There are 2 protein chains.
Amino acid sequence: MGRERATLADVARRAGLSKTAASMVLNGREGTRLSAEAHQRVFAAAEELGYRPNVAARSLRTRKTATIAFVSDIVATTRFAGGLIRGALDAARERDHALLITETQGDPTFERYAIEAILDRQVDGVVYAAMATRRLAVPPAILGGPVVLLNATSPEPLPCVLPDDEGAGAAAAEALLASGHRDRIALIGRNLEKEQDPEVSLAADARLRGIRATLAAAGVSLLEESFCPEWLPEHGHNAMRELLEHPTRPTAVICMNDRLAFGAYQALGEAGLTIPDDLSVISFDDDPIAAWLRPGLSTAALPHEQMGRRAVEVLLDGGDAATSFVPMPMRRRGSVAAPAD
Amino acid sequence: MGRERATLADVARRAGLSKTAASMVLNGREGTRLSAEAHQRVFAAAEELGYRPNVAARSLRTRKTATIAFVSDIVATTRFAGGLIRGALDAARERDHALLITETQGDPTFERYAIEAILDRQVDGVVYAAMATRRLAVPPAILGGPVVLLNATSPEPLPCVLPDDEGAGAAAAEALLASGHRDRIALIGRNLEKEQDPEVSLAADARLRGIRATLAAAGVSLLEESFCPEWLPEHGHNAMRELLEHPTRPTAVICMNDRLAFGAYQALGEAGLTIPDDLSVISFDDDPIAAWLRPGLSTAALPHEQMGRRAVEVLLDGGDAATSFVPMPMRRRGSVAAPAD
DNA sequence: ACTCGTCGCTAAACTGATTTAGCAGAGCAT
DNA sequence: ATGCTCTGCTAAATCAGTTTAGCGACGAGT
């Protein structure tokens, strides 16, 4: 890669000045006493030669690489990684930083390898991301520099960026209440493992809290809560079918994520019921499928791009070591309407 | 990041040898005349000090960074990016390389910026990826070093990695023929722009060729071909509805991708028809949704992970400058059966 | 006339590796 | 004794920047 690039020495020579002078001018050093004319000459020379500093040489001396690492557990198996990466990439670019990506796949060997790779390259900071919102243990080796947790928390007091799942839970409940649903709202996707083990999920518990608090404030309680072993379409499908056998049919269901909601749609279709006329559905994530369903699924969107961006902002601009909650905007589509009766 | 790391000088001192000796031993240089005992001492010292070479210092001298760039047009908006990146990441790790990610978003300014960022960091090679299989123009600036095109071709004679869309087309047609479908096979997703402009898509034309050739070889021609302005669910939905109004209803449809197929499923559901009893559906991509549909959608999978891996292999292991076609495995699920009549 | 301070700039050290050129000593032949 | 080769190793240059220490000229103050 790369070829005959002009060096700082070339620039200095052409400007008729020393490397020192050229370096100081180009780095915009304050307090230097170089003349305005010297500045001009250096800038002109750099421009003419198309000078770009050699990052390796610079970071050898300064120990700064203008590169940050994005370490995640799993990037491939989730559609969400793209948004996190994109947001991080944008924010990094705005701050003239590059992004080095590694993946641990949850494997300690890979993790060790990933850590070594980024320490060897002396990155200026690390975004440590989880693909499912959860608590995790940060390898101590990277604690020597700035670290921001993305979509995760940890026992260490590190800055975190999380989606506001509780707010989203409240918003979902609020949307149903606002449409007139009261005592016949069901919930699909209870899962004790997700709710009780923060290392598995933080989202489940937070969403549930938001939903319950909002309903409780309106004096409403859930008609029924369906437990699901996983949050996959088939589990939503089963849960919905069981719900339909119940003597009082719900007027609305809240699904803990869009995949469950998709399963619910399938079950409703098979039962010959129409959304939202017979039953409203609301959900979380804004998976691409939410927009493809007929009618479109109303859902609180995981703001992945915002989150990725936020993580890099916190990392590079410093700021509070606290947790940032990024709001989950409600995407209103056609799946929620007033109850029929 | 990082702290008091041992340097090569530390290792040499502890081994009672010169930096030169230590460097040569650790790099496994052939033809050196250092004693077996000297080797031992250096290895021991490096081990004891937990020595790791400083990548910046090394690449300053060698112009090698053990880092490759993954440049893509769009990573976030497609679910497929993850697979490409994951494959590339795995192959890079196996070869002790790190991956620097940039995104151009199809914007020339961003592209220029991305190129500068990677040239400044002296990456050892570039994987230039497109998220939709297509032809593109590679910025000349990166042609100074090794480049592999991923999911793309270009006018320059560069190695490319592409999915075998033509083979997949043949496989899809073959699967329907094997189930007994003959003269009532319809196609959803014709799109002249995609088929005729390689800068938009290479997949459309290749899939079509594969389908036609295979059907022709069996003496079969398509019952009907539906054109779609885009390959989104709503277009598949419309196309399927029109197809159902046709006097002779098809026994099978080939959809040009899974999103179209999803739309077709929706239309069939609304029409009260059952897959695969009333009609078989087969498709391309293996979008996650294919596995979630009821019945599961048979589809030729885009082998993203394999492709990402292949690109890095070609880049780092050298090899042929030719085009690699990566096979698209057929995922057989429940959407194909023998025709009813 | 001498000191002092400021201005405008530079030489040289330094970062941590790789690589080139070459040195000291041993063994052997002449 | 001299020259030669081979062995085992090292000093120093080099990569391209940043940073420290300081130099010469000039003007002002005493």
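Remember, predicted model here, so these are calculated numbers, not experimental data. Note that these values count all heavy atoms, side chains included, but never hydrogens, waters or copies made by symmetry. Below, read A as the first sequence line, B as the second, and so on, with proteins coming before strands; counting in each chain starts at 1.
- The main-chain N or O of A/Arg93 is never found under 3.5 Å from a side-chain atom of A/His97 such that the two would form a donor-acceptor pair.
- Between B/Lys19 atom NZ and D/dA12 atom C1' the separation is 9 Å, expressed in whole Å.
- Looking at heavy-atom distances under 4.0 Å, A/Ala56 makes no contact with the nucleic acid at all.
- By the salt bridge (Lys or Arg N to Asp or Glu O under 4.0 Å) test, A/Asp10 is found to be paired with A/Arg13, residues two or more places apart in sequence or in another chain being considered.
- In this structure, A/Arg33 places its CZ atom 16 Å from P of D/dC26, rounding to the nearest Å.
- The CZ atom of A/Arg13 sits 12 Å away from the P atom of D/dG17 (whole-angstrom rounding).
- The shortest distance between the side-chain N/O atoms of B/Ser18 and the OP1/OP2 oxygens of D/dA11 is not below 4.0 Å.
- The CG atom of B/Asp120 sits 13 Å away from the C1' atom of D/dA16 (whole-angstrom rounding).
- Using a 4.0 Å heavy-atom cutoff across all strands shown, B/Thr7 reaches sugar-phosphate atoms only and no base atom.
- Each of B/Val127, B/Val138, B/Leu162, B/Val126 was checked for a side-chain contact (heavy atoms from CB on, under 4.5 Å) with B/Leu149, and the lone residue meeting it is B/Val138.
- Within 4.0 Å of A/Thr62, counting heavy atoms only, lie sugar-phosphate atoms of the nucleic acid but no base atom.
- What separates CG of B/Leu17 from P of D/dG8 is a distance of 13 Å, to the nearest Å.
- Here chain B contacts DNA chain C (any atom closer than 4.0 Å to a heavy atom, that is under 4.0 Å), and the contacts span C/dG16 to C/dT20 from 5' to 3'.
- Salt bridge present: A/Arg309 and A/Glu94 bring a charged side-chain N and a carboxylate O closer than 4.0 Å.
- A donor-acceptor contact shorter than 3.5 Å links the side chain of B/Thr65 to the backbone of B/Gln122.
- Toward the 5' end of DNA chain C, the nearer of the two residues B/Met24 and B/Pro53, judged by each one's closest nucleotide, is B/Pro53.
- From one end of the helix from C/dA1-D/dT30 to C/dT30-D/dA1 to the other, with five pairs defining each end axis, the axis direction shifts by 80° (rounded to 10°).
- For the pair B/Ala36 and B/Arg61, both in contact range of DNA chain D, the more 5′-proximal nearest nucleotide belongs to B/Ala36.
- Remark: the backbone N or O of A/Asn54 is not paired with any side-chain donor or acceptor of B/Asp120 at under 3.5 angstrom.
- When heavy atoms are screened at a 4.0 angstrom cut-off, B/Thr20 is found touching base atoms of the nucleic acid.
- Checking B/Asp107 against B/Tyr113 by side-chain atom types alone, no donor-acceptor pair falls below 3.5 Å.
- Residue B/Arg58 is in sugar-phosphate contact alone, with no base atom involved, counting any heavy-atom pair closer than 4.0 Å across all strands shown.
- Spacing between atom CG of A/Asn27 and atom C1' of D/dG17 amounts to 9 Å, rounded to whole angstrom units.
- One interatomic measurement links the two molecules: CD of A/Glu30 to C1' of D/dT19, which rounds to 17 Å at whole-angstrom precision.
- Under a 4.0 Å N-O distance rule, the pair B/Arg135/B/Asp197 does not qualify as a salt bridge.
- The CG-P distance, from B/Leu60 to D/dT18, rounds to 12 Å in whole Å.
- Formation of a donor-acceptor pair under 3.5 Å by the B/Arg134 side chain with backbone atoms of B/Ser201 is not found in this model.
- Without hydrogens or angle criteria, B/Arg121 side chain to B/Ala117 main chain gives a donor-acceptor distance under 3.5 Å.
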